[in-house]
Colleague: 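Input: one structure, supplied below.
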Amino acid sequence: MERERLVSKSYHIWTLGCQMNVADSQRLASELEKMGYRAVEDPDSADVLVINTCVVRQSAEDKAVGRLQSLRPVKEKYPDKVIGLMGCMVGVRDPLPLRKRFPYVDVFMAPSQPEPMVRFLQDRGVENDFKAVEDAERARRDAIQDEEILVLPAHERGTLISAHVPVVYGCSHACSFCIIPFRRGVERSRSVGEIVAEVRSLARQGVKEITLLGQIVDRYGKDIPDGPDLSDLLRVVHDAGTAEGLERIRFLTSHPNYMTDKLLDTVAELPHVMPHIEVPVQAGDDEVLARMKRGYTQADYRRLIERIRQRIPGVAIHTDIIVGFPGETEAQFNETYNLLRDLKLDKAHIAKYSPRPQTVSARTMPDDVPEEEKERRRKALDDQQAEIVAEINRRFLGQTVPVLVEDLHGGKWRGRTPQNKLVFFEDHSQDRRGQVVDVEIVWTGPWSMQGRLPGSAPIPLMPVEVEVER
Ligand code: SAH
């Protein structure tokens with residue numbers, strides 16, 4: 001009886017923040033399933049409840065804290081429930097202040113470190129439960145032939161099409177606004193062997209697209225003496241991955257200063273590496289860029305975009321922007337506005353500046369742009385960007401593009417083009433998940449496109465309700 005109870009142990013992971021956190025949560029899930037735990041959608045019913053946190057802006061941290069506070073009465077009512085806190089809120093230092101603030105949290109895990117939870121649960125004896133371990137091992141054997149380096153959690157095995165693989169942990173840059181180096185520790189590149197083994201393993205479990213991750217991914221290998229660089233890594237991942245059925249490779253996030261011609265030429269040359277670059281500029285004004293400690297000027301960034309476009313035909317370029325950095329004047333903001341107007345990039349993630357503990361900007365520069373002004377600047381950029389992207393996407397109208405299908409959404413297949421643009425199309429003939437399908441684009445907007453299989457009946461674009469009314 002007791003054994004049965006242990007075997008049915010369940011977990012729920014709530015993930016906030018970036019793709020790195022998604023990858024970290026997946027690795028924790030994999031470890032938990034090895035121990036016989038299974039995922040449940042309802043957090044209230046989970047025996048192990050983990051919040052994987054983000055603190056890049058105050059709003060993200062507030063979300064995590066709110067959720068954490070709501071767990072206090074839950075833990076009081078069910079003291080056997082295990083509560084875990086993971087990610088950038090914990091950071092790489094001893095979480096003593098957090099232990100005091102949230103005494104009902106059982107386990108603290110630094111970013112990308114599931115081990116403390118594994119050890120905690122092992123000490124509670126669950127792993128020693130004979131049947132639980134046996135069941136978990138059988139599930140693993142059934143799922144894949146040989147010992148895999150990363151066994152996907154059951155709910156993703158065979159269905160997850162696009163996965164993330166961290167290749168550089170931490171960050172050693174010192175952008176004055178950014179908390180990440182304090183929370184994720186110094187830059188550490190993983191070995192090519194480890195990364196390739198993981199990519200092959202994921203491909204064998206049905207994954208068709210891999211995104212290599214790093215805070216500054218184009219610095220890959222710089223911390224290894226005579227190490228490989230990102231372009232060397234891409235070549236190895238490309239050949240090993242495609243041999244296992246991998247269709248697409250992407251990487252993010254790049255820093256403008258490390259985008260070598262060698263890297264760009266490798267992207268252009270390798271057919272399964274997608275023409276898609278994420279390279280944040282953060283601001284358009286040189287004085288603001290200097291105070292952000294970004295290490296380049298607006299002119300440098302313009303030249304970089306030109307170089308990327310010359311070397312990778314048809315490339316999509318994404319950027320990140322921070323508005324309302326301390327001291328940013330209207331004229332300085334306009335530099336950013338005009339830069340985006342001129343460059344016509346495929347996506348801009350726009351964030352309002354948020355002072356973060358420990359950072360140089362929070363310690364030495366007053367957060368003096370009022371919230372309403374930050375919001376006005378954010379919206380101005382967002383509105384302009386929506387028009388630019390609508391215009392870029394219109395060029396795809398009538399074209400036939402290869403779409404990697406990820407899942408079914410509202411009765412339509414949902415997938416992405418090489419440029420990472422979202423496409424929906426209808427097809428009831430077969431299960432399209434994981435296939436690269438040629439789709440003719442029949443409608444475009446700034447956020448998505450609609451397509452059809454070439455030769456299929458045209459899709460009525462008027463909503464059906466309107467026809468009924470007439
Ligand atoms: N390593 C990447 C970005 C990681 S953080 C880089 O070098 O650009 C993701 C994005 O969050 C950043 O690009 C930035 O636009 C935003 N961000 C980081 N710190 C911020 C802060 N203090 N306030 C507002 N946005 C911030």
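One-based numbering along the sequence shown. Indexing begins at 1, ligand by ligand and atom by atom, following the structure's order.
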Colleague: Would F251 and H276 count as a close aromatic pair, with their ring centres under 6.0 Å?
Modeller: no

Colleague: Look at the aromatic rings of F325 and Y353 and report parallel, tilted or perpendicular, splitting at 30° and 60°.
Modeller: perpendicular

Colleague: If you measure from each non-hydrogen atom of K352 to ligand 1, which part falls under 4.0 Å: side chain, backbone, both or neither?
Modeller: backbone

Colleague: Assign the ring pair Y258 / H173 to parallel, tilted or perpendicular, where the plane angle (0 to 90°) is split at 30° and 60°.
Modeller: perpendicular

Colleague: For I441, is there any backbone N or O sitting under 3.5 Å from a side-chain donor or acceptor partner on Q450?
Modeller: no

Colleague: Identify the protein heavy atom lying closest to atom 16 (C) of ligand 1, giving its residue, its atom name and the separation to 0.1 Å.
Modeller: R57 NH1, 3.3 Å

Colleague: Check ligand 1 against P280 and write out every atom of the ligand that is under 4.0 Å from a heavy-atom position of the residue.
Modeller: 8 (O)

Colleague: List ligand 1 atoms under 4.0 Å from Q282, heavy atoms only on the residue side.
Modeller: 8 (O), 12 (C), 13 (O), 14 (C), 15 (O)

Colleague: Please report which non-hydrogen protein atom sits nearest to atom 19 (N) of ligand 1, along with the residue it belongs to and the distance in Å to one decimal place.
Modeller: F177 CD1, 3.3 Å

Colleague: Considering only heavy atoms of I180, which atoms of ligand 1 have at least one such atom less than 4.0 Å away?
Modeller: 4 (C), 5 (S)

Colleague: Select one of side chain, backbone, both or neither to describe which atoms of R294 lie under 4.0 Å from any atom of ligand 1, heavy atoms only.
Modeller: side chain

Colleague: Q215 heavy atoms, cut-off 4.0 Å: which ligand 1 atoms fall inside?
Modeller: 1 (N), 2 (C), 4 (C), 7 (O)

Colleague: Mind running ring pair (Phe, Tyr, Trp, His ring centres under 6.0 Å) on Y11 and Y37 for me, showing each step along the way?
Modeller: CA-CA 6 Å; Y11 71 93; Y37 284 75; 7.1 Å; no

Colleague: Please verify the inter-ring angle class for F333 with Y337; under 30° counts as parallel, over 60° as perpendicular, anything in between as tilted.
Modeller: tilted

Colleague: Which of the numbered atoms in ligand 1 are under 4.0 angstrom from any heavy atom belonging to Y353?
Modeller: 23 (N), 24 (C)

Colleague: Judged by atom type as modelled, is there a donor-acceptor pair below 3.5 Å linking the side chain of R188 to the main-chain atoms of V186?
Modeller: yes

Colleague: Any carboxylate oxygen within less than 4.0 angstrom of a Lys/Arg side-chain nitrogen, looking at R219 and E187?
Modeller: yes

Colleague: What protein heavy atom sits nearest atom 21 (C) of ligand 1, and how far away is it?
Modeller: S354 O, 3.6 Å

Colleague: For atom 18 (C) of ligand 1, what's the nearest protein heavy atom and its distance?
Modeller: V56 CG2, 3.4 Å

Colleague: Provide the number and element of each atom of ligand 1 under 4.0 Å from a heavy atom of D320.
Modeller: 9 (C), 10 (C), 12 (C), 13 (O), 15 (O)

Colleague: Please identify which atoms of ligand 1 are closer than 4.0 Å to at least one heavy atom of R356.
Modeller: 22 (N)

Colleague: Suppose I only count heavy atoms of A351 and a 4.0 Å limit; which atoms of ligand 1 are within that range?
Modeller: 25 (N)

Colleague: Check whether any side-chain N or O of Y220 sits under 3.5 Å from a backbone N or O of G214 as a donor-acceptor pair, and report yes or no.
Modeller: no

